[in-house]
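In what follows, a structure is listed as structure tokens, so that the remarks can point back to it.
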Number of protein chains: 2
Amino acid sequence: MFSRACEYSIRATILIATHSMVGERVSLKDIARKTDSPLAFTGKVLQQLVKGGIVTSVQGVNGGFEIGQKQMEETRLSQIVAAIDGEQIFRACGLGLQACNAKKPCPLHDKFASIRNDLKTMLEGTSILDLSTGLKDGLTFLQR
Amino acid sequence: MFSRACEYSIRATILIATHSMVGERVSLKDIARKTDSPLAFTGKVLQQLVKGGIVTSVQGVNGGFEIGQKQMEETRLSQIVAAIDGEQIFRACGLGLQACNAKKPCPLHDKFASIRNDLKTMLEGTSILDLSTGLKDGLTFLQR
DNA sequence: TTAAACTCGGATAAATTTGTCCTGTTTAAA
DNA sequence: TTTAAACAGGACAAATTTATCCGAGTTTAA
């Protein structure tokens, strides 16, 4: 469904949020370890999120990644997905046809659009905070 | 959502069905042209469908691909997807975590499982015939 | 001022997916 | 029986995604 890069970025962001909730930063090293993600590659995708204004990074000793309280409340999962995988997933035809639309639909158009819209609605309705509270409370997990 | 190979295979199968409805075979050449797919690559994925028993091929002059009436009624889109992309799409965790399940869920588990099940239900409830009739009647399209 | 703990970013490598090419085999018809 | 149309399949090439490596810059604290 999502690319690896996107999966890593979501896992990382959720972890960062649980630390930011208690006023801590997380290093890339810890992120990679606690989300079972390749360190250097995760570093790359996190840079994209920094550029996208979704998380903040601080260099130097005691540096790391963090996300503001307001950011984690307001940022939607859809924004992370869009930042890494692009908007295609929200609009693309299920059969890969460029010209497919409601007026000239592919055979799967209606049925697929329905699912795709449900996905979009779900991603737009889910904040980073929503995903992070369960992890912080030990109700959900990020380990492989 | 689906791989290119899977998109091509679905497009090809739908086209084959519209021809089989009127007792014709379609050549790979025609399939590639009418579904805007790369010929040789589409040939490969069609071989997988032949091996999977979803479509039938006939070699030699006037050969081509076909699908039986019963096959197009009974074969579900889910079977094509499974034959090409595997079952992962129906079971995988949204965040790519191997160990994610209902008892030890990832933060997105419930919301994602819901969408994924809707997709599964849709694919299992859609037959090749369902997709082909609209195309045959000129109500839907396969051209890019 | 030096060392250590960090992120940043370019280069490169590995793996996977996508795509092409070419040769062989089968089949029907001329 | 020859020829041409068609699928089968191996080898290879291109493109994309995933992943690693390394040097450089930044910041804190000893």
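Residue numbers start from 1 in every chain, and the chains themselves are labelled A, B, ... in the order their sequence lines are given, proteins ahead of strands. All values derive from a computational prediction rather than experimental measurement. FYI, side chains are in, hydrogens and waters are out, and symmetry mates aren't considered; it's all heavy atoms of this structure.
Residues in residues 123-141 of chain B take part in these salt bridge (Lys or Arg N to Asp or Glu O under 4.0 Å) pairs, two or more places apart or across chains: B:Lys120-B:Glu124. Within the structure, the salt bridge (Lys or Arg N to Asp or Glu O under 4.0 Å) test picks out no pair touching residues 84-95 of chain A (sequence neighbours left out).
Judged by distance alone, with hydrogens and angles left aside, the side-chain atoms of B:Thr18 form a donor-acceptor pair with the main-chain N or O of B:Leu15 at under 3.5 Å. In this structure, the side chain of B:Arg11 engages the main chain of B:Asp36 through a donor-acceptor pair within 3.5 Å. At distances below 3.5 Å, at least one donor-acceptor pair connects side-chain atoms of B:Ser37 with backbone N or O atoms of B:Thr35. Put simply, the side chain of B:Thr75 never gets that close to the backbone of B:Met72: no donor and acceptor are under 3.5 Å apart. Proximity of a side-chain donor or acceptor of A:Asn101 to a complementary backbone N or O of A:Ala99 within less than 3.5 Å is detected.
The stretch residues 78-89 of chain B has no heavy atom under 4.0 angstrom from DNA chain D at all.
Rounded to an integer number of Å, the gap from A:Lys29 NZ to C:dA5 P is 8 Å. The distance between atom CG of A:Asp30 and atom P of C:dC6, rounded to the nearest whole Å, is 8 Å.
Between A:Ser27 and C:dT7 there is no side-chain N or O to OP1 or OP2 distance below 4.0 Å.
Remark on DNA chain C: of its neighbouring residues A:Gln47 and A:Gly63, the 5'-side contact belongs to A:Gly63, judged by nearest-heavy-atom nucleotide.
Using a 4.0 Å heavy-atom criterion, one finds that A:Gly43 contacts no nucleic acid atom at all. Heavy atoms of A:Leu28 sit under 4.0 angstrom from primed sugar atoms or phosphate atoms, though from no base atom.
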Can you name the atoms? Protein N/O to nucleotides 16-20 of chain C N/O, anything below 3.5 Å, with the distance.
unit_1 : atom_1 : unit_2 : atom_2 : d
C:dT18 : OP1    : B:Arg4 : N      : 3.1
C:dG19 : OP1    : B:Arg4 : NH1    : 3.3
C:dG19 : OP1    : B:Tyr8 : OH     : 3.2
C:dG19 : OP2    : B:Tyr8 : OH     : 2.8

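Taking a heavy-atom distance under 4.0 Å as the criterion, the stretch of DNA chain D touched by chain B extends 5' to 3' from D:dA4 to D:dA11.
Applying the side chain to side chain contact (heavy atoms under 4.5 Å, CB included) test between A:Leu108 and each of B:Thr140, B:Leu77, B:Ile10 identifies B:Leu77 as the sole match. For the side-chain hydrogen bond (donor to acceptor under 3.5 Å, both in side chains) with B:Glu73, the qualifying choice from B:Lys70, B:Gln69, B:Gln71 is B:Gln69, the only one to do so.
Between the base of C:dT7 and the side chain of A:Gln59 there is a donor-acceptor pair shorter than 3.5 Å.
Applying the side-chain contact (heavy atoms from CB on, under 4.5 Å) criterion to B:Glu66, with sequence neighbours excluded, gives B:Ser20, B:Arg25, B:Thr56, B:Val58.
Here B:Ile84 contributes atom CD1 and B:Arg4 contributes atom CZ; the two are 15.0 Å apart, rounded to the nearest 0.5 Å.
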